[in-house]
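What follows is a set of notes on a single structure, which appears directly below.
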4 protein chains.
Amino acid sequence: MAKPNGVSKQELIQYAKECLVEKGTEKFTLRAVADTAGVTQGTIYYHFRTKEQLLLSIVEDICEKSWYEISKSNTYVLKQAIASAKSRCSYNSFFHQLFILMTAASFKNEKIRNQLSEIMQAENQALSENLLKIWPASPVHGVSMEAWGIMFNAMVDGLAMQALLQKDFPVEKVYQEFEQIIEALTNLSEKEAAE
Amino acid sequence: MAKPNGVSKQELIQYAKECLVEKGTEKFTLRAVADTAGVTQGTIYYHFRTKEQLLLSIVEDICEKSWYEISKSNTYVLKQAIASAKSRCSYNSFFHQLFILMTAASFKNEKIRNQLSEIMQAENQALSENLLKIWPASPVHGVSMEAWGIMFNAMVDGLAMQALLQKDFPVEKVYQEFEQIIEALTNLSEKEAAE
Amino acid sequence: MAKPNGVSKQELIQYAKECLVEKGTEKFTLRAVADTAGVTQGTIYYHFRTKEQLLLSIVEDICEKSWYEISKSNTYVLKQAIASAKSRCSYNSFFHQLFILMTAASFKNEKIRNQLSEIMQAENQALSENLLKIWPASPVHGVSMEAWGIMFNAMVDGLAMQALLQKDFPVEKVYQEFEQIIEALTNLSEKEAAE
Amino acid sequence: MAKPNGVSKQELIQYAKECLVEKGTEKFTLRAVADTAGVTQGTIYYHFRTKEQLLLSIVEDICEKSWYEISKSNTYVLKQAIASAKSRCSYNSFFHQLFILMTAASFKNEKIRNQLSEIMQAENQALSENLLKIWPASPVHGVSMEAWGIMFNAMVDGLAMQALLQKDFPVEKVYQEFEQIIEALTNLSEKEAAE
DNA sequence: GATGAATGAGGTTTCATTCAT
DNA sequence: GATGAATGAAACCTCATTCAT
């Protein structure tokens with residue numbers, strides 16, 4: 001009976017994201033989103049014309065958020081980036097669960113795939129640029145900064161995946177050792193530069 | 001050992017895996033599996049009591065296959081392991097798509113998660129052992145061999161994820177540079193050992 | 001006399017008619033009408049209280065138009081009436097499509113049915129009167145002028161139906177032969193009258 | 001819970017036809033058909049994969065029935081054909097209501113349209129052949145037998161439409177006068193042939 | 001052992017309609 | 001006078017599951 005109860009599109013997306021992670025792809029139904037948001041299914045259809053549109057909006061939202069993070073990343077240094085990655089890397093991490101769910105969905109949805117791909121490449125590049133700030137040269141001769149960015153990012157995602165699968169995954173320990181490796185690489189870099 | 005007009009359990013699993021990757025989680029229906037296998041839905045129910053059972057069988061199958069690979073890995077050396085990882089790391093890679101789909105499913109299914117987790121830890125360990133064969137000592141002081149195994153594995157998965165998302169991901173180039181890093185680490189390891 | 005940014009009732013009816021023929025009964029939704037008219041659904045409700053009211057207005061509109069035609073028909077002769085019928089009798093004819101759609105709707109809506117019935121009877125009568133002008137007597141003994149009107153009208157509608165169903169229906173040829181029959185009947189009429 | 005209760009596809013079509021005429025296009029829902037047939041909606045979907053398929057099956061059924069009638073028509077004579085037409089031409093006539101509903105649906109569905117068109121042409125031809133049996137020559141010079149078939153058929157449909165719209169349409173009277181016209185035309189035909 | 005017709009719960013989607021603004 | 005966000009009922013459709021055969 002048409003009371004404008006002021007649930008904005010953005011809020012709906014937030015509710016949808018929560019639903020998605022809470023219920024998993026399988027049980028991610030529009031009814032669930034509607035119930036969570038306290039509106040009727042019709043309302044969802046008024047804002048997003050299909051379920052796919054809602055999913056795409058979720059990806060867009062993730063991407064926008066990520067862009068914001070990335071745009072900040074030029075100023076903060078690698079250590080902070082890693083700290084941030086670690087914080088998102090825990091059993092039940094909202095962000096990575098969402099990302100993997102979306103990756104799974106992307107296999108059959110090019111639009112989703114393209115958007116995720118874009119954000120991933122942007123993250124790779126942001127990482128490369130950060131590395132440039134602390135490394136005068138590539139620590140290993142023949143390995144481009146671009147590649148370092150790709151690999152660091154890959155490792156962050158890979159560790160997150162392991163953490164999501166394994167309840168007692170030693171996040172603390174692994175990240176600590178990871179930072180030691182970075183330190184060692186930084187030393188190598190300086191030696192390389194000296195030559 | 002297929003029966004005259006029948007389909008063996010193992011064959012059904014194979015068909016199911018194909019369906020899953022071909023159709024995606026969303027459209028992975030028992031009817032689709034039945035159609036692909038050329039049997040009726042009833043037949044599937046004869047072999048698996050529920051859809052979940054079928055899914056679990058798929059994970060088990062993946063794991064068995066992986067165990068076999070791992071058991072071999074004790075004998076083959078790191079380079080071959082990486083070559084194998086690379087070969088599975090391409091846009092549309094069947095194996096990694098399946099693995100990510102299963103990971104996504106695992107978030108809401110503890111049995112699946114436990115199995116995937118086990119296999120992942122086994123792989124981590126196999127990698128550690130392989131590294132021990134070529135590294136006399138850890139290349140970086142304070143980083144355990146265990147951690148190196150975890151991180152290498154993480155990177156392989158992370159790279160696969162990027163490759164699945166990005167059509168023109170430079171697999172060749174990245175893996176080549178990855179191998180250069182390993183070489184450099186091997187040198188470092190030798191220096192460490194010499195001290 | 002359209003208001004600045006508004007849409008008059010008459011215009012809405014016109015848009016609705018177009019929608020109905022363009023989209024068919026199935027997809028004839030108030031949203032479609034609103035979109036076509038460039039207004040919102042609310043606006044339609046301002047002018048028509050229900051969808052049924054809009055439908056009825058469409059029938060009324062058709063009928064009014066038809067009354068106008070009929071009122072003219074007393075002056076123009078049969079040949080012109082037939083030419084007019086022929087022109088409306090082509091594959092994709094707007095008018096007859098609308099009429100048949102309305103007839104289909106009328107089966108479950110007495111108001112619509114009554115209005116369509118009235119206009120049909122008026123057309124029958126108008127045809128009879130026209131025939132009286134060119135026929136001194138009924139060409140066939142025992143057949144009333146009223147019946148001739150009914151039958152001529154029936155044939156015009158029946159031919160239209162065939163033309164709507166069959167893409168390559170030979171409208172030209174059939175109408176030409178129809179006129180020859182009328183001529184023959186006119187001769188008969190004169191003979192009858194002479195007796 | 002899966003009791004085969006033996007509702008055949010053919011029976012479902014019959015129930016669907018009844019529903020269609022009883023409820024009209026608008027209210028022709030699969031639930032209604034299911035309820036009428038005493039099965040669940042799922043059953044309908046087991047037999048017909050979509051609503052459109054069910055509609056098409058209805059048309060096919062009408063057409064098959066009509067083919068049967070037509071195949072008989074080569075033997076029975078015109079008078080009987082007209083008697084049959086008259087019997088189907090009454091207020092609430094099941095057959096013609098169905099036919100007009102389908103014609104309305106056909107405007108937006110080429111498959112339906114093509115099938116209806118075919119049956120109509122077959123009927124036209126069957127009528128022509130029947131006329132040949134009682135008319136030694138065309139009653140009006142220059143009017144082909146083919147055209148007579150088309151026009152007779154058109155008139156039968158047109159009269160049915162009027163009868164469906166008008167409760168007190170004088171079917172008896174009109175058909176009686178129609179037969180008189182045929183008689184007159186038969187006389188004309190004989191005169192023509194004599195020349 | 002295998003089938004396939006049938007189910008029923010629940011999914012996505014549509015749409016006439018309402019009402020605060 | 002006009003809007004458009006919101007509704008809720010009901011539409012079409014899917015699918016895991018059952019069971020007589």
Side-chain angles (χ1 to χ4, degrees), chain A residues 1-9 12 26-34 37-54, chain B residues 3-8 26-34 37 39-55, chain C residues 3-8 26-34 37 39-55, chain D residues 1-9 12 26-34 37-54:
Chain A
M1 303 206 178
K3 306 154 211 154
N5 62 7
V7 175
S8 74
K9 210 166 167 171
L12 282 181
E26 214 87 337
K27 304 274 177 197
F28 174 67
T29 68
L30 295 186
R31 167 177 281 282
V33 178
V39 296
T40 62
Q41 296 180 63
T43 304
I44 306 221
Y45 272 86
Y46 181 78
H47 289 290
F48 311 90
R49 305 272 282 231
T50 66
K51 190 186 188 183
E52 204 206 15
Q53 269 310 310
L54 175 55
Chain B
K3 285 147 232 154
N5 208 355
V7 186
S8 75
E26 214 89 336
K27 302 275 173 197
F28 176 66
T29 68
L30 293 189
R31 172 187 264 275
V33 178
V39 297
T40 62
Q41 295 178 64
T43 305
I44 300 199
Y45 269 81
Y46 177 74
H47 289 291
F48 308 91
R49 278 202 300 163
T50 66
K51 190 187 185 182
E52 205 205 12
Q53 272 307 315
L54 175 56
L55 264 181
Chain C
K3 283 146 233 154
N5 210 354
V7 187
S8 74
E26 215 89 336
K27 302 276 174 196
F28 175 67
T29 69
L30 292 190
R31 173 187 263 275
V33 178
V39 297
T40 62
Q41 296 178 65
T43 306
I44 300 199
Y45 269 81
Y46 178 74
H47 289 291
F48 308 91
R49 280 202 300 163
T50 66
K51 190 188 187 185
E52 204 205 12
Q53 271 308 314
L54 174 55
L55 265 181
Chain D
M1 300 205 181
K3 306 157 212 153
N5 62 7
V7 175
S8 74
K9 212 166 166 170
L12 283 180
E26 214 86 338
K27 303 276 177 198
F28 175 66
T29 68
L30 294 186
R31 167 178 280 282
V33 178
V39 295
T40 61
Q41 291 181 65
T43 304
I44 306 222
Y45 273 87
Y46 181 78
H47 289 290
F48 310 90
R49 304 273 282 231
T50 66
K51 190 186 188 184
E52 204 206 13
Q53 269 309 313
L54 174 55

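Every chain is numbered from 1 and lettered A, B, ... according to where its sequence line falls, protein lines coming before strand lines. Note that this is a predicted model, so its numbers are computed, not measured.
Distance NZ (B/K27) to C1' (F/dC15): 11 Å, rounded to an integer number of Å. The interatomic distance linking B/F48 (CZ) with F/dC15 (P) rounds to 19 Å, in whole Å. Nucleotide E/dT14 holds its P atom 17 Å from the CD atom of D/E26, rounded to whole Å.
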Pick out the pairs of N or O atoms, protein on one side and nucleotides 12-14 of chain F on the other, that lie under 3.5 Å.
unit_1	atom_1	unit_2	atom_2	d
F/dC12	OP1	D/K51	NZ	2.7
F/dC12	OP2	D/L30	N	2.9
F/dC13	OP2	D/Y45	OH	2.4
F/dC13	OP2	D/K51	N	2.9
F/dC13	O5'	D/Y45	OH	3.1

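Taking both residues in full, the closest heavy atoms of B/F28 and B/V33 are given as CE1-CG2, 3.6 Å, listed atom of the first, atom of the second, then distance. When every heavy atom of C/L30 is checked against every heavy atom of C/K51, the shortest pair comes out as CD2-CG, 3.9 Å.
Under the side chain to side chain contact (heavy atoms under 4.5 Å, CB included) criterion, D/F48 pairs with D/K9, D/L12, D/I13, D/I44, D/Q53, D/L54, D/S57, not counting sequence neighbours.
A sub-4.0 Å separation between OP1 or OP2 of E/dG4 and a side-chain N or O of D/H47 is absent.
Within the model, atoms CD of C/Q41 and CZ of C/R31 stand 5.5 Å from one another, a figure rounded to the nearest 0.5 Å. The distance from atom CD of D/E52 to atom CD of C/E26, rounded to the nearest 0.5 Å, is 9.5 Å.
Comparing F/dG4, F/dA2, E/dT7 against the side chain of C/T40 picks out F/dG4 as the nearest.
Judged by closest nucleotide on DNA chain F, C/Y46 is the one of C/Y46 and A/I44 placed further toward the 5' end.
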State the dot-bracket string of DNA chain F. Criteria: Watson-Crick or G-U wobble, both atom distances under 3.5 angstrom; notation: ( ) intrastrand, [ ] crossing earlier pairs, | interstrand, . unpaired. .||||||||||||||||||||
